[in-house]
Protein chains: 2
Amino acid sequence: METIPYQHDEVTPVAASTITIKDVAALAGVSVATASRVLSGHPATSPDARASVAAAVTELDYRPNAQARALRSTRSDSIGLLVSDVRNPFFADLAHTVEQAALAAGYVTLLGNANERKEQQDRYLDTLISRRVDGIIVAPLGDGSGSIRQLITREIPTVFVDRTVDGLDIPSVTTDSEAGIRQAVQHLAAAGHTRIGYISGPQATSTGRDRFAAFTRAVADSGLSQDPELVYFGDYQAASGSAGVHALLQLNHPPTALLAADSLMAVGAIAILHKLGRRIGTDIALIAFDDIEWFALLNPALSVITHSVEDMGRIAVDMLLQVIDGAQPESVVLPSELIVRASSSSNPTSPASVTSQRTN
Amino acid sequence: METIPYQHDEVTPVAASTITIKDVAALAGVSVATASRVLSGHPATSPDARASVAAAVTELDYRPNAQARALRSTRSDSIGLLVSDVRNPFFADLAHTVEQAALAAGYVTLLGNANERKEQQDRYLDTLISRRVDGIIVAPLGDGSGSIRQLITREIPTVFVDRTVDGLDIPSVTTDSEAGIRQAVQHLAAAGHTRIGYISGPQATSTGRDRFAAFTRAVADSGLSQDPELVYFGDYQAASGSAGVHALLQLNHPPTALLAADSLMAVGAIAILHKLGRRIGTDIALIAFDDIEWFALLNPALSVITHSVEDMGRIAVDMLLQVIDGAQPESVVLPSELIVRASSSSNPTSPASVTSQRTN
DNA sequence: CGTTTCCATGGAAACGATTCCATACCAACA
DNA sequence: TGTTGGTATGGAATCGTTTCCATGGAAACG
């Protein structure tokens, strides 16, 4: 691809490998100290100094070195956001909200991706700590072991988001899965389902445990089958959703309805149900935790348990700023709610789900 | 939420507000210089020194200050990735691939989100430059004005990804849209469509321009209608996909097939087509640029023009590492290809698309 | 045994900002 | 006029590293 090399069609500084505040001060005819004061908006500066420094800055096209500034002032004006999986639309949305909210407050966001793996989480935590970010928002994974403990020992401002870690006293903003899951189970029970298959998240995450516990309670309270075989433990990734459906449909008494604990596993579930020729909303009911924009575009539209990712991100940033300021904000629990669409409209008398069909 | 305060159930360093290399050196009984050499793997160190420093490091749980290191060594071991929109699954996947590839090469990735807006792109570029990242991968927006010019004047290692900017001599990895779009148009022409509506990306992006040009050429070469009214200019966001469908269907001679220039606009298009009761693949054909995993799960499954985001991310990181090492890699152009699914199986004789239906 | 070579080491100077402290100036007051 | 007080300024220390340079000792060579 031929491109025209850069042309000097306007006055640009020569070479300018590295321009420091010293150069600015020299050109402005003031000391480094004064230049620094002007640049950081210190009140004790004369109009003269402000003018000449400003002129020098634009002429030299000076950009302060954030490293040096952070080293001396112990603030980096950056926060870290550690999510479990950027490809999960829920976390992509969260990243977007957090990043925008942080930017508005004058912080840049460093995004890390744990890939649902503890060692990657630890690696990124170490990196973020090493870079001396001013605070960290993390959707944690695992128990309190490993690098996560340093958040406490080093007193690094931290907020947990979506998930928590038992035994760590860190403010969090999470979702109350209980309400949404209860509504979903009751909704399915009302349609006559007695055997609901549950594709659970990993028990190494608090959401995995909480949602599973909520499901267990709801099933018991509604008098439905508590057959442990109806629960498949996945890992919040699409492939495990497929595997879960596969396993559950092979049971002697397969479920007539399915509840997937997150959106990616729901995607996996839908994919394999399509492949097996099971009609969602007709042969089998399906509800997913997490609302994704295009879930409503599926045919049939997917019933979901929704919770506000915008609120979660915004509040998390808000809380983190408070922690950075030395406050100790209360943890926040956001509501969840069932949205009924066509995918959960089937009832258990549909023909295809009565007999168990072996698939390979 | 009651949690048990952190317990000292193992030997942990006291308080440890900030542990520097000086503390490590003191405990190890060596000088700071030696400690530094051991830590950075300098060959000129004795086994004794290595052992005692290593012991001190673990005992104190020392983490080097990345700011200070970067300040002195002018390397930050970090790269910046500036994408147009994290919520776009294509860029989420790209972010994931880039981040993993960079991590493998020992770099952390700072993710910025331009939100398809030039001022946010400039803001993030300034920030990344300020933080002295070792290199930048950016899916650029707009012309060569604003902060983007600094990438050249400051000689910052940069690679363009997905998009380019005219007149800037920077290596890039992009997709050859031509082939895929030509296949799509020919496929639709073969089914008898003569009026294809095109929901274009913004002309401020190179992909927006390239794909539009490719569409125009393909339509001309296939002898189809070149009516300029059949083109709607969107902004790569979902809402503009809806707006585009709305506008195109209101024409006196509405199109019988639609081609959307990216996945988000396709999502918007699908949403409004559902709402209007137009059956995709029956009343109207639809093809989208960008393949997203769940596009195949839609009913009818969506025909797409696919290109490999994994290759793109991997190659971009690879090229950036080369540029950082002082090389000048050649730009890479990846292929695109049509995948035919059910959404483009309709032909123009379907009833609903013959008359123009006013909608509001 | 004397000289050269090599290697491990420590002192100290950077890196580029912020910030403490002392100073010089000017206005205001007694 | 002499003291006070406030304000703008510059010099210099500092943040936590890396790295240059000099040094000392041991090994290797003649």
| In whole Å, what is the span from the NZ atom of B:Lys22 to the P atom of C:dG11? | 12 Å

| request: Flag the pair A:Gln150 / B:Arg63 as yes when at least one side-chain heavy-atom distance between them is below 4.5 Å, and no otherwise. | output: yes

| note | Rounded to whole Å, CD1 of A:Ile19 lies from P of C:dG16 at a distance of 12 Å

| request: Answer with base, sugar-phosphate or nothing: what part of the nucleic acid does B:Ala49 contact at a heavy-atom distance below 4.0 Å? | output: sugar-phosphate

| request: Taking only the side-chain nitrogens and oxygens of A:Ser31, find out if one of them lies under 4.0 Å from OP1 or OP2 of D:dT9. | output: no

| query | B:Ala68 or B:His42: which one's nearest nucleotide on DNA chain C is closer to the 5' end? | reply | B:His42

| request: Compare all side-chain heavy atoms of B:Thr158 with those of B:Val323 and state whether any distance is below 4.5 angstrom. | output: no

| field | Spacing of B:Leu71 atom CG relative to C:dA14 atom P, expressed in whole Å | value | 14 Å

| query | Within the modelled atom types, does a donor on one side and an acceptor on the other bring the side chain of A:Arg37 and the base of D:dG10 under 3.5 Å apart? | reply | yes

| task | Could you tell me which nucleotide pairs with D:dG25 by Watson-Crick or G-U wobble geometry, both distances under 3.5 Å, or answer none if nothing does? | result | C:dC6

| request: Could you tell me whether the phosphate oxygens of C:dT18, OP1 or OP2, come under 4.0 Å of any side-chain nitrogen or oxygen in A:Ser73? | output: no

| task | Could you tell me the separation between the CZ atom of A:Arg75 and the P atom of D:dC15, rounded to a whole number of Å? | result | 19 Å

| message | Can you see if the side chain of B:Thr45 gets near the phosphate of C:dA8 - specifically, an N or O under 4.0 Å from OP1 or OP2? | response | no

| field | Side-chain touch B:Met319/B:Phe160, heavy atoms, less than 4.5 angstrom | value | no

| query | Below 4.0 angstrom from OP1 or OP2 of D:dA8, is there any side-chain N or O of A:Ser46? | reply | no

| query | Under 4.0 Å between a side-chain N/O of A:Arg72 and OP1 or OP2 of D:dT14, yes or no? | reply | no

| task | State, with a plain yes or no, whether a side-chain heavy atom of A:Tyr107 is found less than 4.5 Å away from one of A:Leu321. | result | yes

| remark: Ranking C:dA12, C:dA17, D:dG10 by distance to the side chain of A:Ala33, first place goes to D:dG10

